[in-house]
Amino acid sequence: MSPGATSVLLIYTGGTIGMIENPETGALENFNFEQLQKYVPELRRFAFRIDSYQFDPPRDSSDMDPEAWRSLVKIISNNYDNYNGFVILHGTDTMAFTASALSFMLEGLNKPVILTGSQLPIGVLRTDGKENLMTSIEIAAARDEHGDPLIPEVCIFFENHLMRGNRTTKMNAENFNAFRSFNCPVLATAGIHIKYNQNIHLRPKKDAVLKPHYLLDTHVAILKIFPGIEENIVKAVFGIEGLKAVVLETYGSGNAPRKEWFIRHLCEATEKGIITVNVTQCSAGSVEMERYGNGYQLLQAGVVCGYDCTTEAAVTKLMFLLGHGFPPEKVRQLMEKPLVGELTN
Ligand code: ASP
């Protein structure tokens, strides 16, 4: 990359943004990146270099997994010195999981990695894809007066809002504003101007060196409680062979039923070294286990506080920390600390 010249790498993984209707079945299917460019001739109007890389075959984001996250980390790390920023086109269904995973796996990141997609395919007249794509590229290329990237972190850009990736959740399957970052203010808003909310951006060290991580341990489960949940369900989850951690989705500020068997299974899990992390089923707000008796009993059973972490961030963070082979006590400690802005403690 010649000094001063700007360049962005566009990585196309799949998703609605690059889909087209199968004339026989009517279902949306992936098409290739050349066709995507045909529908967005505006890409040529950027005054800087945009290169592209395509997943082959592109995939619906329901098929994204740790292997695909590793591929993304590899593409970014192999091309890190050649580009000012990266834009990842991705299906919306699991975009918040991928953004969360990448935020942990790309340690020392000091360039923008912006994930975006759309609710309507880019070839459709009313598509939201064009706007999302063009603004994401602009943000990925944006630099301050010293030439440093404005957004040195993994983000999702959707419907005018730039959000910290590991704070997002897909919350709408219909509207164009598919994502929200309930517990963290947006990092930028795109209107006539793109207004950056600089006081909440992450500030990596200027001389930070990218350290890509590839090891993820998937021996994790999510358990969402509900009134009437049966003991055999809870017992079956905690009894899973090889299980190392559970994200427990609780009520409100971290509450769960006051049933003797429920607490017993949690205590036994803690004794076996299984880590249970408490996150709330509510979209916004934080776990506070000391607040009610029903939450306090979880604390006493050794449950870790997930604070205002999303389920997406909690699961991928557990995979990341367990992938390091850390002992349970160390994982428990790190789950309560923000590593890359994923929670407010
Ligand atoms: N099923 C699609 C996907 O996540 C939905 C989308 O892109 O919005 O790949």
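Predicted model only: the values in this text are computed from it and were never measured. Whatever order the structure lists them in is the order used to number ligands and atoms, beginning at 1.
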* To do: Is it possible for you to say whether W69 and L339 belong to one hydrophobic cluster, with membership spreading through side-chain heavy-atom contacts below 4.5 Å?
  => yes

* Ring-face cation of K111 near Y83 (centre distance under 6.0 Å, axis angle within 45°) -> no

* Structure fact -> By side chain to side chain contact (heavy atoms under 4.5 Å, CB included), H161 pairs with (sequence neighbours left out) M163, V186, T189

Closest non-hydrogen protein atom to [atom], residue and atom name please, with distance?
atom	answer
atom 9 (O) of ligand 1	S61 N, 2.7 Å
atom 8 (O) of ligand 1	T92 OG1, 2.4 Å
atom 6 (C) of ligand 1	T16 OG1, 2.8 Å

* Asked: Charged N to carboxylate O below 4.0 Å: is that the case for K130 and E42?
  -> yes

* To do: State whether the shortest distance between N or O atoms of D93 and N or O atoms of ligand 1 falls below 3.5 angstrom.
  => yes

* Could you say whether the N/O atoms of H90 and ligand 1 ever approach to under 3.5 Å? => no

* Structure fact -> If we number the atoms of ligand 1 from 1 as shown, the ones under 4.0 Å from a heavy atom of G15 are 7 (O), 9 (O)

* Check whether the ring centres of H213 and F104 lie less than 6.0 Å apart, and answer yes or no. => no

* Asked: Which bit of S118 is near ligand 1, meaning a heavy atom under 4.0 Å away: side chain, backbone, both or neither?
  -> backbone

* **Cluster companions of Y307 among Ile, Leu, Val, Met, Phe, Trp, Tyr (side-chain spacing under 4.5 Å)** => L343

